[in-house]
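Both counts, for ligands and for their atoms, begin at 1 and track the order of listing.
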Amino acid sequence: MTNKIIDESRQGEVLNIDSDDSVSEKKLYIESYGCAMNFSDSEIVASILKDKGFSTTTELSKADVIFVNTCAVRDNAEQRVRQRLNDYRKVKKTKPELIIGVLGCMAERIKAKFLEEEKLVDIVVGPDAYRDLPNLLENAQDGRKAVNVILSKEETYADISPVRLQSNGVTAFISITRGCDNMCSFCVVPFTRGRERSRDPESIVQEARNLFDEGYREVTLLGQNVDSYLWTGGGLKKENPSPEELKHAVTFAQLLEKVALVHPDLRVRFSTSHPKDMNDDVLYTMAKYENICKYIHLPVQSGNNRILEMMNRGYTREWYLNRIAAIRRIIPDCGVSTDSITGFCSETEEEHQDTLKLMEEIKYDFAYMFAYSVRPKTLAERKFEDDVPEEVKKRRLKEIIDLQQKHSAYRTKQGVGKVHKVLVEGVSKKSEDHLYGRNSQNTTVVFPKGTHKKGEYVNVLAKSCTSATLIGEVVN
Ligand code: SAM
Ligand code: SF4
Ligand code: F3S
């Protein structure tokens with residue numbers, strides 16, 4: 001059974017997840033757009049509704065409740081959701097008691113339009129109000145207004161044990177922070193998800209332990225800026241913690257170590273790192289533990305200092321390159337990927353060339369690349385003009401994509417002739433006789449099945465490659 005997760009933040013990526021379709025009276029169909037945080041939130045929603053007797057289904061026609069968990073990071077997302085809502089309305093025509101809801105990052109923005117004006121949906125719920133869902137469902141069933149988009153300074157859903165919608169039973173997400181305090185001028189996330197808050201480290205470690213006991217072998221710690229994780233005994237990160245509070249605080253490097261110590265066979269990944277906050281402590285912790293994967297996603301956004309300043313990213317090109325140098329020094333075999341935006345307000349051709357030159361210098365293993373899309377409420381929308389013509393943005397985007405493809409192919413090729421420790425995730429999409437998994441650096445590795453099974457670690461000698469996949473044989 002597959003349930004689609006469509007990633008708006010990570011261009012073109014579609015994650016297919018499986019769900020538990022056990023027999024139950026009420027069925028929830030949930031479709032998620034956006035980043036891994038949204039995917040992870042859908043698992044929390046499934047858990048909250050499971051307690052109210054719902055199980056998940058992947059068939060629209062069987063659903064009693066349909067939720068779409070939305071993303072607002074770029075403007076094409078809204079049109080896609082509108083199309084999906086029209087599909088859901090068709091189902092509702094044959095089943096009037098069906099409840100349709102919009103969750104997530106678009107909730108605040110569309111509540112007036114979709115719920116009140118156009119009556120396209122019955123429920124609208126923001127990312128911090130999922131505990132209110134049972135109550136809102138009751139309201140909607142009684143024909144009453146069902147909307148809650150209030151953002152919280154404390155909510156981390158720390159006590160909720162997510163229903164894993166992912167099928168492979170090997171890899172899972174764990175949220176460690178919610179919201180974002182960074183205010184990058186192009187970004188809508190601080191407005192859709194509110195203030196940054198860190199989750200109790202004990203609940204994170206416990207979730208990792210439970211996952212390991214259930215057979216999972218990899219966890220990815222999630223936050224918009226994992227490096228600013230700081231637990232000082234309360235949910236909201238204190239602006240100016242006292243020296244005494246800091247003595248008892250848990251930093252991201254310390255949290256990473258706690259999770260790595262759960263079990264040597266539990267791999268640990270994390271996303272997203274922020275160049276202004278990623279310190280050497282994190283890198284030394286990564287180097288110290290074999291089970292912390294040697295892979296860092298470090299979004300640069302632009303290679304030009306004037307644009308970086310307008311973006312309010314809090315670092316310069318030189319600072320960023322210094323962080324890359326630290327990674328290469330402390331973890332020489334580390335994979336590095338990035339996010340990049342072309343055509344930000346007033347970006348000149350030369351400034352665009354600076355991004356290309358930076359990419360040439362670093363040669364990322366992988367990158368998510370986007371054309372700038374103006375977002376409501378953001379600093380850039382209020383202060384700057386979106387003046388780079390669409391065709392120029394697209395042309396620049398194509399140039400960085402073409403260059404990145406060359407670099408990805410180059411990096412993958414470097415893995416040929418080497419032995420990679422691979423966590424088996426399942427059967428290869430292209431061949432039933434092959435399994436696939438990833439190495440520590442996050443590169444996909446495909447190899448003949450033999451007697452191996454998912455959840456096992458195998459050593460694979462890479463003999464050849466495509467642009468993004470290593471192909472080899474097990475040499476255990
Ligand atoms: N917190 C992460 C960080 O600081 O890099 C990323 C969060 S954002 C959800 C994912 C990516 O979407 C960003 O890194 C950026 O490249 C892209 N993005 C965000 N806002 C955008 C916009 N208005 N237009 C185009 N791309 C955008
Ligand atoms: Fe958006 Fe910047 Fe926060 Fe990332 S760090 S979520 S880009 S505001
Ligand atoms: Fe989109 Fe919200 Fe994630 S805007 S990228 S789903 S935090």
Side-chain angles (χ1 to χ4, degrees), residues 5-13 15 31-42 68-78 80-81 102-110 126-128 151 173 175-196 222-229 270-278 296-302 307-308 310-315 320 337-345 347 355 364 367-381 384 386 388 390 393-394 396-397 400:
I5 297 287
I6 296 128
D7 194 321
E8 286 291 341
S9 70
R10 310 297 188 213
Q11 206 175 37
E13 189 181 356
L15 300 172
E31 190 166 299
S32 304
Y33 292 77
C35 61
M37 300 284 306
N38 247 21
F39 172 37
S40 171
D41 280 3
S42 291
V68 56
N69 197 355
T70 58
C71 172
V73 82
R74 278 171 294 279
D75 63 2
N76 55 3
E78 192 169 309
R80 286 172 74 180
V81 165
V102 170
L103 318 178
C105 291
M106 264 168 59
E108 161 70 35
R109 197 163 121 72
I110 52 85
D128 286 344
L151 291 171
F173 292 130
S175 276
I176 65 163
T177 67
R178 295 184 71 81
C180 184
D181 283 351
N182 278 332
M183 288 298 193
C184 300
S185 64
F186 53 80
C187 185
V188 79
V189 173
F191 303 95
T192 63
R193 286 187 166 260
R195 296 296 305 275
E196 182 187 291
L222 292 180
Q224 291 299 347
N225 174 358
V226 288
D227 300 296
S228 70
Y229 175 90
F270 53 86
S271 189
T272 301
S273 301
H274 198 300
K276 81 176 163 62
D277 296 319
M278 191 197 68
I296 298 180
H297 183 63
L298 195 67
V300 69
Q301 313 299 0
S302 166
I307 296 293
L308 284 172
M310 282 175 72
M311 286 177 163
N312 199 26
R313 286 289 289 176
Y315 55 86
Y320 186 90
S337 61
T338 200
D339 289 353
S340 187
I341 298 178
T342 58
F344 186 64
C345 311
E347 184 191 62
T355 302
Y364 292 107
Y368 297 99
M369 294 158 282
F370 314 99
Y372 173 60
S373 155
V374 58
R375 303 312 295 134
K377 288 194 192 167
T378 57
L379 205 75
E381 189 227 24
F384 310 131
D386 178 22
V388 178
E390 253 350 271
K393 282 183 190 169
K394 295 234 166 79
R396 290 181 188 169
L397 180 61
I400 67 166

Tell me whether the rings of Tyr320 and Tyr315 are parallel (<30°), tilted (30 to 60°) or perpendicular (>60°). tilted
Taking only non-hydrogen atoms of Gln301 and a 4.0 Å limit, the atoms of ligand 1 in range are 5 (O), 13 (C), 14 (O), 15 (C), 16 (O)
What are the atoms of ligand 1, with element, lying closer than 4.0 Å to any heavy atom of Gln224? 1 (N), 2 (C), 6 (C), 7 (C)
List for me each residue that meets side-chain hydrogen bond (donor to acceptor under 3.5 Å, both in side chains) alongside Asn182, sequence neighbours excluded, and say none if there are none. Lys276
Please enumerate all residues that pass side-chain hydrogen bond (donor to acceptor under 3.5 Å, both in side chains) together with Ser40, with sequence neighbours excluded. Ser175
Does [X], backbone or side chain, put an N or O under 3.5 Å from an N or O of ligand 1?
X: Phe186; answer: yes
X: Tyr372; answer: no
X: Asp339; answer: yes
X: Arg74; answer: yes

So is Ala72 close enough to ligand 3, meaning a heavy atom under 4.0 angstrom away? yes
Does Met106 reach ligand 3, in the sense of a heavy atom lying below 4.0 Å from it? no
What atoms of ligand 3 come closer than 4.0 angstrom to any heavy atom of [X]?
X: Gln224; value: 7 (S)
X: Cys35; value: 3 (Fe), 5 (S), 6 (S), 7 (S)
X: Arg193; value: 2 (Fe), 7 (S)

Check if [X] has a non-hydrogen atom at a distance under 4.0 Å from any atom of ligand 1.
X: Cys180; answer: no
X: Arg313; answer: yes
X: Asn225; answer: no

Is Cys105 close enough that one of its N/O/S atoms sits under 2.8 Å from atom 2 (Fe) of ligand 3? yes
Show the numbers, then the answer: is there a side chain to side chain contact (heavy atoms under 4.5 Å, CB included) between Thr355 and Ser340? CA-CA 8 Å; Thr355 302; Ser340 187; 3.8 Å; yes
If we ignore hydrogens and angles and just use 3.5 Å, is the side chain of [X] paired with the main-chain N or O of [Y] as donor and acceptor?
X: Tyr372; Y: Asp386; result: no
X: Thr177; Y: Tyr229; result: no
X: Thr70; Y: Met106; result: yes
X: Asn312; Y: Met183; result: yes
X: Arg195; Y: Asp181; result: no

Taking the six-membered ring of Phe370, is the NZ or CZ of Arg74 close enough (under 6.0 Å from the centre) and on axis enough (within 45°)? yes
Test of understanding: given a 4.0 Å heavy-atom threshold, classify the contact between Cys71 and ligand 3 as side chain, backbone, both, or neither. both
Using a heavy-atom cut-off of under 4.0 Å, does the side chain or the backbone of Met37 touch ligand 3, or both, or neither? neither
Residue and atom, protein N/O/S, under 2.8 Å of atom 2 (Fe) of ligand 2: Cys184 SG
What I want to find out is whether Glu347 reaches Lys393 closely enough, with some N-O distance under 4.0 Å, to be called a salt bridge. no
Quick test of your reading of the model: are Asp41 and Arg178 salt-bridged, counting only N-O distances below 4.0 Å? yes
Quick check on the 6.0 Å ring-centre criterion: do His297 and Tyr368 meet it? yes
Counterpart residues, ring-ring contact (aromatic ring centres under 6.0 Å, His included), relative to Phe186 (two or more places apart): none
Might you work through the side-chain hydrogen bond (donor to acceptor under 3.5 Å, both in side chains) test for Asn38 and Ser32, ending with a clear yes or no? CA-CA 7 Å; Asn38 247 21; Ser32 304; over 6 Å; no
Would you kindly specify which portion of Val73 sits under 4.0 Å from ligand 1, judged on non-hydrogen atoms: side chain, backbone, both or neither? both
